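Sequence positions, counted from 1, serve as the residue numbers for this chain. Note that the coordinates shown come from a computational prediction; the quantities given were computed from them, not determined experimentally.
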Amino acid sequence: MDDSANGGRLSPEEFQQMNALLRRFCTHELDQWENIQTETPYGPVYVTFSRQRLPGFEAQTFHPF
């Protein structure tokens, strides 16, 4: 894993930018679903974007952004 972009925690501005980019991705790029994976110093992280909730997950378990 290339750690050159790892500058620590996101600043409030970076967090807002990430949320804005995620919204754009979900609006303009996401068809039905997308599964991505990235390596971190703590192990891999798996992320699923979907237009449907996964079985067993209630709407209240999700944090709006």
Closest non-hydrogen atom pair, Arg9 against Glu14:
O-OE1, 4.0 Å
For a quick test of reading the model, state the closest non-hydrogen atom pair linking Asn19 to Phe65 and the distance between them.
O-CE1, 3.4 Å
Indicate the atoms forming the closest heavy-atom contact of Arg53 with Ala59, along with that distance.
NH1-N, 3.4 Å
Other residues, nucleotides, ligands: >12 heavy atoms within 6.0 Å of Arg24 CZ
no
Note: Cys26 and Arg51 closest approach over all heavy atoms is O-NH2, 2.6 Å
Would you list the pairs meeting side-chain hydrogen bond (donor to acceptor under 3.5 Å, both in side chains) in which at least one residue belongs to residues 26-35, sequence neighbours left out?
Asn35-Thr48
Determine whether Leu10 and Phe25 fall in the same hydrophobic cluster, where Ile, Leu, Val, Met, Phe, Trp and Tyr are linked whenever their side-chain heavy atoms lie under 4.5 Å apart.
yes
Interatomic spacing from CD1 in Ile36 to OH in Tyr46 - rounded to 0.5 Å
12.5 Å
Decide yes or no for Val45 and Val47: does some side-chain heavy atom of the first lie under 4.5 Å from some side-chain heavy atom of the second?
yes
dist Leu21:CG -> Met18:CE (nearest 0.5 Å) comes out at 9.0 Å
Should we say atom CD of Gln52 is surrounded by more than 12 heavy atoms from elsewhere, each under 6.0 Å from it?
no
